[in-house]
Amino acid sequence: MPPLPGVELVQTPVHLYRYLLRCCRQLPSPSMRKHYQHAIRQGYNSHVDEDDGERIRLIIQRAIADADWILNKYTKKT
């Protein structure tokens with residue numbers, strides 16, 4: 001499954017946070033959505049004070065790749 005539209009616009013941590021919450025809407029069950037929304041909030045809060053641009057870029061790339069993997073895992077048609 002390709003990433004959601006707008007993935008190329010994710011440049012800042014706030015954009016990433018909003019993008020990942022939109023990805024959660026595609027998960028099949030409400031309990032999964034709630035779990036991943038909580039994990040996204042925790043991750044955002046733990047990195048909110050990050051000021052190294054290179055580190056932020058790596059976090060954004062990794063988070064998008066992880067979100068894509070999770071969406072593929074749970075929305076796979078068998």
Side-chain angles (χ1 to χ4, degrees):
M1 165 178 253
L4 288 178
V7 70
E8 65 279 349
L9 300 175
V10 175
Q11 300 289 326
T12 66
V14 174
H15 290 151
L16 176 65
Y17 178 74
R18 293 180 69 210
Y19 173 80
L20 293 174
L21 289 179
R22 283 194 309 270
C23 286
C24 284
R25 294 181 195 154
Q26 295 187 352
L27 293 171
S29 77
S31 62
M32 269 188 237
R33 282 183 228 128
K34 192 170 192 167
H35 169 78
Y36 284 108
Q37 286 171 347
H38 178 74
I40 291 165
R41 283 187 192 100
Q42 291 296 100
Y44 179 79
N45 289 333
S46 69
H47 294 289
V48 74
D49 60 349
E50 191 70 52
D51 59 355
D52 180 20
E54 181 64 21
R55 174 92 171 114
I56 292 171
R57 188 181 63 75
L58 291 173
I59 291 170
I60 289 172
Q61 287 176 347
R62 179 61 189 250
I64 290 171
D66 289 348
D68 190 35
W69 181 84
I70 289 168
L71 287 175
N72 282 334
K73 177 181 175 182
Y74 289 117
T75 58
K76 191 182 294 183
K77 307 263 191 269
T78 54

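Here the structure is a predicted model, which means the values were calculated and not measured.
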ring-ring contact (aromatic ring centres under 6.0 Å, His included) involving Y17 - partner list, sequence neighbours excluded: Y44
When every non-hydrogen atom of L20 is compared with those of A63, the smallest separation belongs to CD2-O, 3.9 Å
Tell me the closest heavy-atom pair linking I60 and P13, and the distance in Å. CD1-N, 4.4 Å
I'd like a table of donor-acceptor pairs (distance under 3.5 Å, sequence neighbours excluded) in which one partner is a side-chain atom from residues 46-53, with atom names and distances.
| from | atom 1 | to | atom 2 | distance (Å) |
| --- | --- | --- | --- | --- |
| S46 | OG | Q42 | O | 3.4 |
| S46 | OG | G43 | O | 3.0 |

Do W69 and Y36 land in one hydrophobic cluster if side-chain heavy atoms of ILVMFWY residues count as linked below 4.5 Å? yes
Please tell me whether M32 and I70 are part of a single hydrophobic cluster in this structure, the criterion being side-chain heavy atoms less than 4.5 Å apart. yes
Minimum heavy-atom distance Q37-L21, with the two atoms named: CG-CD2, 3.9 Å
Do other residues, nucleotides or ligands put more than 12 heavy atoms under 6.0 Å from the CZ atom of R57? yes
Once rounded to the nearest 0.5 Å, what's the spacing between atom SG of C24 and atom NE2 of H35? 9.5 Å
Any side-chain to backbone donor/acceptor pair from D68 onto I64? Under 3.5 Å, distance only. no
Contacts of R62 meeting side chain to side chain donor-acceptor pair (under 3.5 Å) (sequence neighbours excluded), chain-then-number -> D66
Taking all non-hydrogen atoms of both residues, which atom of L71 and which atom of Q26 are closest, and how far apart? CD1-OE1, 3.7 Å
